[in-house]
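Heads up, the thing below is written out as structure tokens.
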There are 2 protein chains.
Amino acid sequence: MSEVAPYLARVPGIQYGVLDTLTGYAVRRTQLRMYEDFVQALAAWHITPPRYSALVIISLNRGLKLTQLAQIMGIARSGAVILVDALADLGYVTREPMPEDRRAFSLQLTELGRADLALITAAVQAHDARVTARLNAQELETLHGLLHKLSGAREDDDGLPSDQ
Amino acid sequence: MSEVAPYLARVPGIQYGVLDTLTGYAVRRTQLRMYEDFVQALAAWHITPPRYSALVIISLNRGLKLTQLAQIMGIARSGAVILVDALADLGYVTREPMPEDRRAFSLQLTELGRADLALITAAVQAHDARVTARLNAQELETLHGLLHKLSGAREDDDGLPSDQ
DNA sequence: TATTGTTATACTCTATAACTATA
DNA sequence: TATAGTTATAGAGTATAACAATA
């Protein structure tokens, strides 16, 4: 057993003062709690949040190059290499040669990757539903709308993809 | 200039699929964006979110021991040592001997720490207000209430300190 | 010259475990 | 024996920079 309790759990009898008025602190508490639950819930699959995001994005956007994946995820190319290596080690992703550019590879989900992604997605959705179980459908919709405003959507961005 | 764009920024033309339906993903996007903005806004003060939380908690809860700070922040004692060392290097915190237990120290804010904390808090509040500028007062109140439900408050927890 | 994927390297943050001095 | 603070060490996760192959 660890000496460390869940991150930022509220301790009775402690004054938090201005921290309780900051949106950033509330978001951080929530994110740490959900992240931790995700990692535990998906531990058996060896899937972390970034790995799951990469799997979903690769599955939905065929022929993605490693550099594109890095841009989409906002990480360095060297980080994308490590991420793709991990997904390849799990047998979920392969690097396919691109005839039109022999420097690059096309990231592809394997059959196993596609099959397991369905199961993993079910586990992720169950985790998400469990953690948000205290909110009803309308509250969830409200929360998503508010978070969408905060997370950088531009006023003129309708959120729809510009092509495909 | 870095090769890396802000983390998880939405890329036009990319399909995100199930990711857009997950509360955890929305919270993570928001948290990363706000965290990054905090760090930039407070860079001149050498204050990160954990350092700020520690400063506030030390200032509001006199005579705190390092082990208690670690428990409150949900980190290991070794991490609290590093945190307190950083705040001590900034001249904001001192370790005062506790006559009743010569193993322990009482964490105290210095005069400089108390004075600068007021200025730092103003900068933090300005950052928080700027990042949440797209939400009106009622939306902010709604968001805080929803996040509070998600971040682990128990049904029977009125949020009030049990003593002091 | 620029780009793609890769490797080398380092920095930050976090953890566990062992140590010391006290209790 | 147990606890408070510390130190040593290691593991993620991230970054920058340099490299070979290709454009």
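Each chain gets a letter, A, B and so on, in the order its sequence line appears, and its residues count up from 1.
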Side-chain N or O of A:K65 versus OP1/OP2 of C:dT4: is the shortest distance under 4.0 Å?
yes
Starting from [atom2] on [N], measure out to [atom1] on [X] and report it in whole angstrom.
{"X": "B:I82", "N": "D:dG5", "atom1": "CD1", "atom2": "P", "result": "15 Å"}
{"X": "B:M73", "N": "C:dA15", "atom1": "CE", "atom2": "P", "result": "11 Å"}
{"X": "A:Y35", "N": "C:dC13", "atom1": "OH", "atom2": "C1'", "result": "13 Å"}
{"X": "A:R51", "N": "D:dA12", "atom1": "CZ", "atom2": "P", "result": "9 Å"}
{"X": "B:L69", "N": "C:dT14", "atom1": "CG", "atom2": "P", "result": "12 Å"}
{"X": "B:Q31", "N": "C:dC13", "atom1": "CD", "atom2": "C1'", "result": "14 Å"}
{"X": "B:L83", "N": "C:dA15", "atom1": "CG", "atom2": "P", "result": "11 Å"}
{"X": "A:R95", "N": "C:dT4", "atom1": "CZ", "atom2": "P", "result": "15 Å"}

Is the shortest distance from a Lys or Arg side-chain nitrogen in B:D20 or B:R29 to a carboxylate oxygen in the other one below 4.0 Å?
no
So which pairs with a foot in residues 58-103 of chain B pass ring pair (Phe, Tyr, Trp, His ring centres under 6.0 Å), sequence neighbours left out?
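Matches after skipping sequence neighbours: none remain.
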Tell me, which pairs form a ring pair (Phe, Tyr, Trp, His ring centres under 6.0 Å) where one or both residues lie in residues 29-70 of chain B, sequence neighbours left out?
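Residue pairs passing ring pair (Phe, Tyr, Trp, His ring centres under 6.0 Å), neighbours aside: B:F38-B:H127.
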Within the 4.0 Å heavy-atom criterion, would you say A:A104 contacts the bases, only the backbone, or no part of the nucleic acid?
sugar-phosphate
Each nucleotide in nucleotides 17-23 of chain C should get exactly one letter: B, S or -. Can you fill that in based on protein heavy atoms under 4.0 Å?
----BBS
Could you work out, with salt bridge (charged side-chain N to carboxylate O under 4.0 Å, His left out) as the rule, every residue matching A:R95, not counting sequence neighbours?
A:D85
Could you list the residues that satisfy salt bridge (charged side-chain N to carboxylate O under 4.0 Å, His left out) with B:R114, not counting sequence neighbours?
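By the salt bridge (charged side-chain N to carboxylate O under 4.0 Å, His left out) rule, B:R114 matches no residue at all.
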In the hydrophobic clustering that connects Ile, Leu, Val, Met, Phe, Trp and Tyr at side-chain heavy-atom distances below 4.5 Å, which members other than B:I82 occupy its cluster, ordered by chain and number?
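Other cluster members: none.
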Is it the case that the side chains of A:Q108 and A:T110 hold a donor-acceptor pair, with the cut-off being a distance below 3.5 Å and no angle test?
no
Where the side chain of A:T67 is concerned, which of C:dT7, C:dT4, D:dG5 is the nearest nucleotide?
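Looking only at heavy atoms from C-beta outward on A:T67, the closest nucleotide is C:dT4.
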